[in-house]
Amino acid sequence: MFLKDQRSVKKMAMTSIDVLTTKKRNKNMHRKEIEANRIDKQNKKELCVNNTLETIETDETYYTDTGDNTAEDSNYSPNSMSSLSSTYSANKQSQMRLELRALAIACDRTGIPDRTAATIASAILQDVEIIKTDDKQYVIDRMKIRRERHKKRQDLKIQTDRQPKSLYFDGRIDHTFINQKTDDKYYRNKITEEHITLIREPGSRFMGHCTPVNGTAINGKTSGQRGFSGALRKQLKNCHKLPVKKFKPIKEIFIQHCVSIINGECFIDLARTNPGKQAHSRWLITANRILRLYISTETPEENLITLTEFILKVYAPMWFHIKMKSFCSLDSKHIWQTIQFSRYLPKKYQQIIDPVIQRNSYFGAPENILLSMLVDDRMCIRELVIQKIFNSRLSKTTGVRIFKVPLLNFDASDYTELVDWYKCKITEPPILSMIENEVLNRIVMSGQVAEYINIFPYHTQAIERVVKLVTDASTAVCSESGRDGFIRARIESWAIMP
């Protein structure tokens, strides 16, 4: 056939040997050969036993006819055939063919090794008398656990949704295990690698993770993955171990620690509670540690007092506002409230935090302010935003949309005044691009637009949970595919049993 092809259309071609496929086929053939030898030995054993049973039946018939069986052999029993058959059945074992998908998911969730999982599972089967001394076919081997883990991870990977409405992403640098090849063997090694995690919204469903080729992370002035520099920051590490002092109360709000600081009294159970591991990405834990350090300091420094007041007056109220109303239609209002809460600070501190707010005010862009205006209680605001969206659609340009946050007005009396509408270019929110003008006008005027846009959260708490899962998977399994399956198995286990 190859010769005919070369003499006519020449569609076929000779290439080099596929080494990977060849190895797989050789392994498969070797496995089949071993299985054929095992079956051949088993058949020989059965033939030998059958011949023995036929001999016993013949001898039993002979002794029954002559009546001299008890005289010839006093140890002979008529039940010898059945006892030999039961002994052979006990020695004849079959492989464990049951699927253990739930066990595989539980192993990935708890992070126990294959050998430990096999030992525990076999012990449970022994307790419920499925595994007996004369019947060990249900004994679970560690390789069985490993195969089931791999199968379940592959099945979960196939179920990925390929058409998300929106993507949320975040990244982190992790210590990662890899299989490094030296000569003809693989050795496990630990490296530092950056991972970018993706989820889809609505639903907060895990999509996958990737490793950038040239990734860098900026952590500021720190002293390691969990440490800070400076005299005050170094005290945060062991603040939960310090005794509670007579501290000066600050009249503002915050749960537990905040209430203690308000009342000037801290309960013993709260004093003994560990605020959590210190990390650069966990600002809530850092805030808790600052408050814990404050109630353990009888004469606090000015910096500690300033930070504590900022947490009570700005950070804590905004944290609760965002947790209670985490809709993307309220994001611009949250920025405006943050600015309003921080105006109590002296000018020297406002000059420090205002550039930070400006740099992180992604929801201060005009298109995101328009989203907040769509769900405003004032009809005049909703009518105004409809006109702005329709005008932006008429002047829509082709090409890549440039996302740039204009300078914010920190003296604004309302969130609609955060930007100068005459100086910035207005583009419609991408979330509304698929809604026609008539439909958009009808749902906005009826107040039903919130049902369309409030399905997307404002905060990134869901993606931060998955970032932690990626970190756990990096030190548990090797390769990107293995990490992906490990994460999906844990999420599946949480869905079944929280």
Side-chain angles (χ1 to χ4, degrees), residues 1-2 15-65 69 72-73 75-104 107 113-155 158 179 181 183-186 481-482 485:
M1 182 175 292
F2 180 76
T15 60
S16 59
I17 298 174
D18 191 341
V19 179
L20 185 61
T21 305
T22 304
K23 284 184 178 180
K24 288 182 179 179
R25 289 185 177 180
N26 289 339
K27 281 186 178 181
N28 192 17
M29 292 175 61
H30 182 63
R31 224 173 8 248
K32 289 182 178 180
E33 185 179 354
I34 293 176
E35 182 67 14
N37 292 335
R38 187 189 65 80
I39 294 174
D40 186 49
K41 290 181 180 180
Q42 194 69 31
N43 292 335
K44 289 181 180 179
K45 282 185 180 180
E46 290 180 1
L47 181 62
C48 181
V49 170
N50 290 334
N51 293 335
T52 305
L53 294 178
E54 290 177 1
T55 304
I56 292 175
E57 288 178 356
T58 304
D59 293 343
E60 187 175 342
T61 304
Y62 172 77
Y63 284 121
T64 302
D65 293 340
N69 56 327
E72 293 291 333
D73 189 0
N75 295 325
Y76 173 77
S77 172
N79 297 325
S80 58
M81 182 177 66
S82 60
S83 62
L84 181 60
S85 177
S86 61
T87 303
Y88 169 72
S89 299
N91 292 329
K92 182 181 178 181
Q93 303 295 333
S94 61
Q95 292 182 346
M96 175 65 167
R97 298 292 185 183
L98 298 178
E99 292 187 352
L100 306 174
R101 302 300 175 86
L103 178 60
C107 293
D114 299 333
R115 190 185 299 276
T116 305
T119 304
I120 295 174
S122 298
I124 293 174
L125 295 179
Q126 189 175 2
D127 287 337
V128 297
E129 297 184 353
I130 294 178
I131 296 177
K132 301 178 182 178
T133 306
D134 56 345
D135 186 7
K136 299 180 180 179
Q137 62 175 326
Y138 292 107
V139 173
I140 300 174
D141 182 69
R142 67 181 181 90
M143 296 306 297
K144 173 70 175 178
I145 301 293
R146 180 170 296 183
R147 290 192 298 269
E148 291 297 329
R149 277 181 161 179
H150 180 72
K151 289 179 183 177
K152 188 60 181 179
R153 291 170 184 173
Q154 293 299 320
D155 292 345
I158 295 174
N179 283 329
K181 188 175 182 180
D183 296 333
D184 294 334
K185 293 185 178 180
Y186 286 91
S481 177

Measure the shortest side-chain to side-chain distance between Glu148 and Lys151 over non-hydrogen atoms and say whether it is less than 4.5 angstrom.
yes
Residue pair [X] / [Y]: nearest heavy atoms and the distance that separates them:
| X | Y | value |
| --- | --- | --- |
| Asp141 | Ala118 | C-CB, 3.8 Å |
| Arg142 | Asp114 | O-CB, 3.7 Å |
| Tyr138 | Leu125 | O-CD1, 3.4 Å |
| Ser122 | Ile140 | OG-N, 3.1 Å |
| Lys152 | Ala104 | CB-CB, 4.5 Å |

Would the distance check show the side chain of Asp40 and the main-chain N or O of Ala36 forming a donor-acceptor pair, the cut-off being under 3.5 Å?
no
More than 12 heavy atoms of other groups within 6.0 Å of Arg101 CZ
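Yes.
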Evaluate Lys32 against Glu35 for salt bridge (charged side-chain N to carboxylate O under 4.0 Å, His left out), listing each step before the verdict.
CA-CA 5 Å; Lys32 289 182 178 180; Glu35 182 67 14; over 6 Å; no
Can you tell me how far [atom2] of [Y] sits from [atom1] of [X], rounded to the nearest 0.5 angstrom?
| X | Y | atom1 | atom2 | value |
| --- | --- | --- | --- | --- |
| Arg25 | Met29 | CZ | CE | 10.0 Å |
| Arg146 | Arg115 | CZ | CZ | 9.0 Å |
| Leu103 | Leu98 | CG | CG | 11.5 Å |
| Thr21 | Asn26 | OG1 | CG | 10.5 Å |
| Ile124 | Thr119 | CD1 | OG1 | 11.0 Å |
| Asn179 | Lys185 | CG | NZ | 14.0 Å |

Checking side-chain contact (heavy atoms from CB on, under 4.5 Å) for the pair Arg31/Asn28: CA distance, chi angles, key distance, verdict?
CA-CA 5 Å; Arg31 224 173 8 248; Asn28 192 17; 3.9 Å; yes
